[in-house]
J.: 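Okay, handing you the structure first.
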Protein chains: 2
Amino acid sequence: MRRLSHYLRALEGFDRNGGGTVSSEELASKGHTTAAQVRKDLSHFGSFGKRGLGYGVSELVDRLRAILGVDRAWRVVLVGAGRIGSALFEYPDFKARGYDCVAVLDSDPHKIGAKWGNTTIRDTAELEAVVVREQIDLVVLAVPAVAAQEVTDRAVRAGIKGILNFAPVRLKVPAQVPVEDVNLVMELEALSFRITRGGASE
Amino acid sequence: MRRLSHYLRALEGFDRNGGGTVSSEELASKGHTTAAQVRKDLSHFGSFGKRGLGYGVSELVDRLRAILGVDRAWRVVLVGAGRIGSALFEYPDFKARGYDCVAVLDSDPHKIGAKWGNTTIRDTAELEAVVVREQIDLVVLAVPAVAAQEVTDRAVRAGIKGILNFAPVRLKVPAQVPVEDVNLVMELEALSFRITRGGASE
DNA sequence: TTGTGTGAATCCCTTCACAGCG
DNA sequence: CGCTGTGAAGGGATTCACACAA
């Protein structure tokens, strides 16, 4: 659920200590939904929340982190050390949120062996070995479209748990392996669509 | 509508020339929806499609491009010449799809004046002037979270038509200015959420 | 016969409204 | 009282099913 991430983000504005509380109203005002929506969303996962008071900030943060699965560290391998890969690798929020990029792979001989910080770029051929040895959970796919499916197949066979895909292709994966697609062109098209047709409602 | 972009993408696999046709069934199989869904989506915008035959590939492409507003060129300014900005600037698909990055701005004195290809990075202070002089349609916001709202306000006042926002903040904009948010951490959280709870249904 | 276009049925998500607990 | 939790109502989107055109 995307909104849960928003709630978690919104809660960072509040003090975790001191037993403070937030109402569904307050959470709704950030994160642009309604109070009823917030309550429904949260009630799906149990009923923590004090009637007449609101939700305990600290408890709610813990709950949301558990629900979203960010109460642990995720081990990530980045495949594709191009521009997008480099941007992602440096993105400070990833590590801060528990996504730990422990390996970078590329198939370009000119890049293999180079160092990013103290991470050495290795050959994509080592993918399976890296996944197993480094106990990788997630693959961030930042390779050209033509290579994406092959890398995916190999990662899946090696036992990966999920894929964040930047390649503009629909990956074929077994049902139990979730894929999230990020397609920048489609985002721009969504913009021009909304501009072209007036109604800018999000 | 996000699915329309998918249809357009799927159609690239077919030959535009030669008066070929596609059925809703074929379009559905790529783009992972149902045939009924495809027909409903398209019927919203008129009924072009020959019963018993399918849709003319060439005509459908034209229609979709018109609907999505990609039958014209969009003039884009990139604000923020960091890692993400650089990745976006080099992203070959943007220009190919009609999104033309005609200016790059940054507020870091070390970057101002540098050249990317034959585009010179200019001072973010020039934003308003650039928007007007270069007849900019869209802003791609790749600045730190703290700077995002200020840049947004200025771009909106200068008459921008839409914003693609990479900063992890919810921008306040007038209702008629559409914003598309890209939040990489939220994508990863969506992944870990789905992994944590089993059901990987997209 | 084939595959679109579309009302009708269905499902799911959001909003409403309020009972009930602190 | 104030605010949560939740059944009920409402609305929008998906799916079904079939008349109809090529």
J.: Using whole Å, report how far CG of B/L60 lies from C1' of C/dG3.
T.: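 Nearest whole value for this atom pair: 14 Å.
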J.: Output the single nucleotide from D/dT14, C/dT15, C/dG5 whose closest atom is nearest the side chain of B/K40.
T.: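 Comparing D/dT14, C/dT15, C/dG5 against the side chain of B/K40, the answer is D/dT14.
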J.: Identify, between B/S43 and A/Q37, the residue whose nearest nucleotide on DNA chain C lies closer to the 5' end.
T.: B/S43
J.: Does A/Y55 place a side-chain N or O at less than 4.0 Å from the phosphate oxygens OP1/OP2 of D/dG5?
T.: yes
J.: Between A/Q37 and A/D41, do the side chains contain a donor N or O and an acceptor N or O under 3.5 Å apart?
T.: yes
J.: Give A/T33 one of three labels, base, sugar-phosphate or nothing, depending on what nucleic acid heavy atoms sit under 4.0 Å from its own.
T.: nothing
J.: What's the closest nucleotide to the side chain of A/S23 if the choices are D/dA8, C/dT4, D/dT4?
T.: D/dT4
J.: Take atom NE2 of A/H44 and atom P of D/dG7, then tell me their distance rounded to the nearest Å.
T.: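 In whole Å, D/dG7 P and A/H44 NE2 are 12 Å from each other.
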J.: Between A/R2 (CZ) and C/dT14 (P), how many Å, whole number?
T.: 14 Å
J.: Side chains of A/Y99 and B/S192: any donor to acceptor distance under 3.5 Å?
T.: yes
J.: Would you say B/S24 reaches C/dT4's phosphate, i.e. side-chain N/O to OP1/OP2 under 4.0 Å?
T.: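 Yes.
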J.: Please report the shortest heavy-atom distance between B/V139 and B/A155, naming the atom on each side.
T.: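 In terms of heavy atoms, the two residues are closest at CG2-CB, 3.9 Å.
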J.: Restricting to non-hydrogen atoms, name the atom on B/P168 and the atom on B/N183 that form the minimum distance, rounded to 0.1 Å.
T.: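 Heavy atoms only, the tightest pair is CB-ND2, 3.9 Å.
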J.: Round to the nearest Å and state the distance from A/R63 atom CZ to D/dT4 atom C1'.
T.: 14 Å
J.: Looking only at the side chain of B/R51 (C-beta and beyond, no hydrogens), which of the listed nucleotides D/dT14, D/dC20, C/dT14 gets closest?
T.: D/dC20
J.: Could you work out which one of C/dT14, C/dT15, D/dT14 sits closest to the side chain of A/R3?
T.: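 Closest of the options to the side chain of A/R3: C/dT14.
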J.: Report yes or no: is there a donor-acceptor pair, N or O only, under 3.5 Å between the side chain of B/K50 and the base of C/dG5?
T.: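 A donor-acceptor contact between them is absent.
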J.: For the pair made of CG in B/L4 and P in D/dA13, what is the distance, rounded to whole Å?
T.: 13 Å
J.: May I ask you to decide if B/V70's main-chain N or O and B/R65's side chain share a donor-acceptor pair within less than 3.5 Å?
T.: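 Here the side-chain-to-backbone pair exists.
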J.: If you assign each of A/D41 and A/L53 to its closest nucleotide in DNA chain C, which residue comes earlier from the 5' end?
T.: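 The 5'-side residue here is A/D41.
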J.: Closer than 4.0 Å, any side-chain N/O of B/R39 to the OP1 or OP2 of D/dC18?
T.: no
J.: In whole Å, I'd like the distance from the CZ atom of B/F48 to the P atom of C/dG3.
T.: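 After rounding, the reported distance stands at 19 Å.
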J.: Using a 4.0 Å heavy-atom cut-off across all strands, classify A/T34 as base, sugar-phosphate, or nothing.
T.: sugar-phosphate
